[in-house]
Amino acid sequence: MTPFTEKVIAIIQRIPTGKVMTYGQVARHAGSPRAARQVVRILHSMSRSYHLPWHRVINAKGQIALRDDESYQEQRMSLEAEGVMVGLHGGIDLEKYLWEPACMEH
DNA sequence: CTGGTGACTTATC
DNA sequence: AGATAAGCCACCA
């Protein structure tokens, strides 16, 4: 287990219910602003082994990263169950649901 | 070490 | 605004 992976896991586990984070944010808080893609790989690898709320992690466009897929429906359902309103295109109000661990942007 | 990869991100058309 | 291209980083074979 690498430090970066541990950080990413820790950050994702700290996402509160009803909130979401973008891959870029997770990567930035993990120490590597450009490692969003690596975050994706970690989610793929760890989500099945660890108890990670991967459905609370979305892309920078504020939409569910997955396309029309079973996993997409599952993620969308999970988010709605937590109070996050998801549009037909997986659109999510980042202004409302985006969560920043330290709120250092403002 | 080299190359491949990925649920991304940003910049250009 | 939607599509394309290139960049980017950590991990793995």
Side-chain angles (χ1 to χ4, degrees):
Chain A
M1 186 67 66
T2 64
F4 180 81
T5 301
E6 291 186 32
K7 282 187 178 181
V8 171
I9 293 174
I11 292 171
I12 293 175
Q13 286 180 336
R14 286 173 62 182
I15 302 177
T17 302
K19 292 291 183 178
V20 298
M21 279 187 73
T22 67
Y23 296 96
Q25 267 188 326
V26 175
R28 182 164 44 204
H29 283 280
S32 299
R34 314 281 165 69
R37 309 191 68 173
Q38 185 56 23
V39 174
V40 168
R41 275 182 49 82
I42 292 173
L43 259 56
H44 265 261
S45 300
M46 314 309 278
S47 62
R48 59 194 186 95
S49 300
Y50 288 70
H51 175 241
L52 291 178
W54 59 271
H55 53 270
R56 300 194 188 126
V57 185
I58 59 179
N59 58 17
K61 295 188 294 288
Q63 303 181 223
I64 294 176
L66 303 171
R67 314 284 178 174
D68 302 309
D69 191 70
E70 296 180 7
S71 299
Y72 165 80
Q73 297 296 341
E74 184 178 341
Q75 179 172 11
R76 176 177 169 179
M77 187 172 62
S78 298
L79 289 174
E80 290 182 340
E82 295 180 353
V84 178
M85 292 185 294
V86 182
L88 295 178
H89 292 70
I92 298 173
D93 283 346
L94 290 180
E95 300 297 326
K96 279 186 173 183
Y97 305 108
L98 185 63
W99 179 72
E100 299 189 28
C103 297
M104 56 180 66
E105 288 277 351
H106 219 176

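Residue numbers begin at 1 in each chain, while the letters A, B, ... track the order of the sequences.
In this structure, the CD atom of A:Q63 is 11 Å from the P atom of B:dT9, given to the nearest Å. Atoms CG (A:L79) and P (B:dA7) sit 18 Å apart, rounded to a whole Å. With rounding to whole Å, A:I58 atom CD1 is found 12 Å from B:dC8 atom P. A:R76 has its CZ atom 17 Å from the C1' atom of B:dA7, to the nearest Å. One interatomic measurement links the two molecules: NZ of A:K7 to P of C:dA10, which rounds to 11 Å at whole-angstrom precision. Here C:dC9 presents its P atom at 15 Å from CZ of A:R28, a figure rounded to the nearest Å. If you measure from atom CD1 of A:I42 to atom P of B:dT5, you get 19 Å, rounded to the nearest angstrom. When rounded to the nearest whole Å, the span between NZ of A:K61 and C1' of B:dA11 equals 14 Å.
Among the protein residues, A:S45 comes within range of no part of the nucleic acid, since none of its heavy atoms lies under 4.0 Å from any strand.
Side chain of A:S45 to backbone of A:R41: a donor-acceptor contact under 3.5 angstrom is found. Under a 3.5 Å cut-off, the side chain of A:S32 and the backbone N or O of A:A35 do not form any donor-acceptor pair. Side chain of A:Q75 to backbone of A:H55: a donor-acceptor contact under 3.5 angstrom is found.
For A:F4, the side-chain atoms get nearest to C:dA10 when compared with the rest of B:dA7, C:dC9, C:dA10. The listed nucleotides are B:dG6, B:dT9, C:dC9; the one nearest the side chain of A:R41 is B:dG6. Here the side chain of A:Q38 is nearest to one of B:dA7, C:dA10, B:dC8, namely C:dA10.
The base of B:dA7 does not come close enough to the side chain of A:Y72 for any donor and acceptor atom to sit less than 3.5 Å apart. Residue A:R37 places a side-chain atom within donor-acceptor reach of the base of B:dG6, judged by atom type and a 3.5 Å distance cut-off alone.
C:dC9 sits 15 Å from B:dA11 when the P atoms are compared, rounded to a whole Å. The P atoms of C:dC8 and B:dT12 are separated by 13 Å, rounded to the nearest whole Å.
Between A:K19 and A:E82 there is no salt bridge, since no side-chain N of the basic residue sits under 4.0 Å from a carboxylate O of the acidic one.
A close approach under 4.0 Å does not occur between any side-chain nitrogen or oxygen of A:S32 and OP1 or OP2 of C:dC9. At least one side-chain nitrogen or oxygen of A:H44 sits closer than 4.0 Å to the OP1 or OP2 atom of B:dA7.
A donor-acceptor pair shorter than 3.5 Å cannot be found between the side chains of A:Q13 and A:H51.
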